[in-house]
Structures are given as C-alpha cells and as structure tokens.
Number of protein chains: 2
Amino acid sequence: MVSAALKLVDEVGVQAFSLRMLADVLESGTATLYRHFASKDELMAYVVDRVLGEVHVTGQEDFATWQDAITAGAEAFYETLRRHLNVLPLLMAQVPVGPNGLANRERLIQLLLGHGFPVELAARAFTAIGHYVVGFAVQQHGPGSAGPESGPQLLDFYRHLDPATYPATTSAAEELTTVPLEEEFRFGLRLIIKGLESGRDV
Amino acid sequence: MVSAALKLVDEVGVQAFSLRMLADVLESGTATLYRHFASKDELMAYVVDRVLGEVHVTGQEDFATWQDAITAGAEAFYETLRRHLNVLPLLMAQVPVGPNGLANRERLIQLLLGHGFPVELAARAFTAIGHYVVGFAVQQHGPGSAGPESGPQLLDFYRHLDPATYPATTSAAEELTTVPLEEEFRFGLRLIIKGLESGRDV
DNA sequence: ACCTGAACACCGTTCAAGT
DNA sequence: ACCTGAACACCGTTCAAGT
C-alpha cells in the first residue's frame, strides 16, 4: 500500500505519480484506495513517514559527545534522503508529524537534553539540523529538482549570468560547483554545531 | 500579469490557484496566457521572483558589522514573507533563480566578501540564512500550511500525543508554543551568526 | 455490509479554426 | 500573423449501483 506508493514515487517522481497509477499497480480501482486513506495528501504524509522510518543511526547511541551524536544522526538522515530523492519535495512542503518523524525527533531531543541542553535549544537544534540536511540534499539533486523544473527562460538566464552584474554570485558559484561533496556536508554541519556550542551559554 | 497571479495566490493559496482562474480575472482565455510564459511552473517562478523583489533593507547598507547587516537582511526577508504567506510552498519547492533572487544573493554575498569572508563561506551563509527564514515563516504559518493540510488522522495523532511515549517532544512543544515570537526569530538568527563567527577561522 | 465502475467537476496544455 | 474557443488527456474525489 504505502510501500507501493513510495516505490512509484521513487521511480516516476512526485509530479507524475497519480492515484490511478497506484490503483493499476495494486490491480484495483481508484475508489478502492480511499478505504485506506482520506485523501491523496494523507497518503503522501504516510509515504514521507515511511521514508523517515528508514533513518537509523548505526552505532547504538554510544557517542562520547553530543556533537558526535548529532553528526551521526544527520548523516543517517542524509543517506536515507539520497535513497529517496524524489520524496524531497514532499519533505520540504510539510512538517513531518507521522510516528516515525516524531520518534526521530524524540530520540535526538532526548539525547540533547541528556547532555544538558535546555529544552528550547534542543527543539530548535533538531529543526535547524533537519532543515540543513533537507536543504543540502535538494542542492545536490540539482536546482528545480525539488518539484518541477524551473522555467527554461529562467534557467537560461541563470546559465548566461553576466559576471559583471553578479560578480560575487558567479565567483561563488564556481567555487561551490568544484567542491568535493561529503566534505561540504560535514563543513556546514560543523558550522551549525559551532553555533549550538555558542548558543548553550547565551 | 504576474501581479495578478501573485494577488490570486495571496488570496486563495497555491492549491486553489488555477490558470482558468487567472484567465477569468484578466478577462481572457487560458490559451492566451501561454503567450506570456511556457508553463504554469514558469509562471510560478515569476511569482516567486516578484515576491523576492519586495525584499528591501531599510538602512542603505551602512551597517557597522556584518552581523548587523545579516540581521537586517534576514528581517527584511521575513517581513516580506509574512505579507505573502501563501507563496511559502513555492519558495520551499524551488531554488529561486530569478533576477530578484539573484540580486538579493549578490547583495549579501558581496557584503560578506567585503568583511573578509572567504567566498565559499559567504555563499553557504546566504543559503543557510535563507533556509532559516523560510523555515521559521513556515513554522509560524502553522504545520501543514505549506501546501495541503496534513491528513486529519495524522493531525489527530499529533494532538493526542502520549507524553509517556514522547516526553521530550511534548515538553519541548509546550515550551515552544508559549514562546513570544519575534524574540525567537532573533534567537535562532543569532545562533547562525555565532556559527559563522566560529566558521571564519576553521 | 462491503466494494467499485462510472461519472463528476475539475486541471494544464494544445491546436485547428477563426480573424 | 496573431489570437483563442473548444477539445484533449488527464486529475482527485464521490456515489449509485452492484454483490
């Protein structure tokens, strides 16, 4: 059911996915699907939560520091997203409130609380890291891949960007496109962690 | 044209907006619309860029520190988003590559370069702040407002969350819902800035 | 009582026919 | 040459009719 929907989204993307398609795969009619969910939006929420259920930190939470724990959690999340790139638009368009999403949040927040974080900072840290990972994954998947491709005219505009008009942007773009990759992910993550370290005693 | 589309999106939301609707307002047919853009997606990209064009920093960039400049820019962006909450789903689902989006990016990156930032850090700072502001605005607009409402079953699940199962999440939720508002925005922004301060010499 | 084919009211996009 | 009404191939959702 949800697995079949996720598989289809993985294969054809959010845009192309339709309930008729799902009904065909399951060899039933579209009307029958509505016995399992109230609307397509609800089904998509289940799909997102299914993906979030695949996020598993390898080491059994025996991390020396909260910095290590955050890093491991963020990387596990990132690896999961890379296996389901087509689900990214759904993750960006909703706050995941399914059981798996909640469980993940609970795990990290509790871990931070255990390391002496005040509760507001722990909660804020979770969303900050989540946004970072999703944002990074989107960037890798290429601009406009999160949802429909941007208009061809705008893409053209972007490609033929005049360095004289946007010197900083173009030079930064060159730097960023020649950057390794996994390296970059860790770098930004370290930035957030540094911020959290400072934030603890503000 | 684009203004009419933005006005409609502001009024009825992304979900309800349709080309027929826009054609009616403009007193023409849907086919006529395609003389101005190649697809609905392209039109939406123009709408997003129109919104980004409304972001204006009040002080004429005479900030003592880059921290002040970033804060002012983020707040200007945030204020603009609050005037166009229904556009948020579009901003989350695409990397804005329109002229106004590029101009904003250029302005901040150049400012950071002027304060001695290395080019990669400046570029990364821009996206980090952008994600933060959009993420914060989404949070204010309420969960699920970015796009369709989450399924009622999931919302119910969220509301009747068992504090015994999710102690950290529920206690954090209580803390977060009773938080002032503008205060919170500045707090998270300060966190990012702290991270950037540390990141400059890593 | 449960299931579902067929219809409903849309949608974005195209194109032949009009001017 | 430009414009556009009408059609095309869909879509999510509903419900009366079948079992």
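Residue numbers start from 1 in every chain, and the chains themselves are labelled A, B, ... in the order their sequence lines are given, proteins ahead of strands. Just so we're clear, the structure is a prediction, and the values are computed from it rather than from any experiment.
At the phosphate of dC10(C), neither OP1 nor OP2 sits under 4.0 Å from any side-chain N or O atom of R20(B). In this structure, T32(A) does not reach the dC3(C) phosphate: none of its side-chain N or O atoms is under 4.0 Å from OP1 or OP2.
Here dA6(D) is the nucleotide among dA6(D), dC2(C), dC11(C) with the atom lying nearest to any side-chain atom of A31(B). Listed nucleotides dG12(D), dT14(D), dG12(C) differ in distance to T30(A); the shortest reach to its side chain belongs to dT14(D). Which of dT14(C), dG12(D), dC2(C) sits closest to the side chain of Y34(B) comes down to dT14(C).
Here the C1' atom of nucleotide dG5(D) and the CG atom of L33(B) are 14 Å apart, to the nearest Å. Computed from coordinates, the L19(B) CG to dA6(D) P distance equals 19 Å when rounded to whole Å. For the pair M44(A) CE and dG12(D) C1', the computed distance is 12 Å after rounding to whole Å. With rounding to whole Å, D41(A) atom CG is found 10 Å from dG12(D) atom P. With rounding to whole Å, K40(A) atom NZ is found 12 Å from dC11(C) atom C1'. In this structure, L43(A) atom CG and dG12(D) atom P are separated by 10 Å, rounded to whole Å. With rounding to whole Å, F17(B) atom CZ is found 12 Å from dC11(C) atom C1'. One interatomic measurement links the two molecules: CE of M21(B) to P of dG12(C), which rounds to 11 Å at whole-angstrom precision.
Summarising the base pairing, dG12(D) is matched to dC8(C) through a Watson-Crick or G-U wobble pair whose two defining distances lie under 3.5 Å. Checking dC3(C) for Watson-Crick or G-U wobble geometry (two distances, each under 3.5 Å) identifies no partner in any strand.
With sequence neighbours excluded, no residue satisfies salt bridge (Lys or Arg N to Asp or Glu O under 4.0 Å) with E11(A).
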- Evaluation steps, side-chain contact (heavy atoms from CB on, under 4.5 Å), between L112(B) and I70(B): CA-CA 9 Å; L112(B) 292 178; I70(B) 283 182; 4.0 Å; yes
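Within the 4.5 Å cutoff, the side chain of H36(A) has no heavy atoms near those of the Y46(A) side chain.
If you take atom P in dG18(D) and the same atom in dC8(C), they sit 16 Å apart, rounded to whole Å. Spacing of P atoms, dG5(C) relative to dA1(C), comes out at 22 Å, to the nearest Å. Distance check on atom P: dA6(D) versus dC10(D) gives 23 Å, rounded to whole Å.
Using a cut-off of 4.0 Å between Lys/Arg side-chain N and Asp/Glu carboxylate O, R186(A) and E75(A) are scored as salt-bridged.
For D49(A) and N100(A), the side-chain atoms include at least one donor-acceptor pair closer than 3.5 Å.
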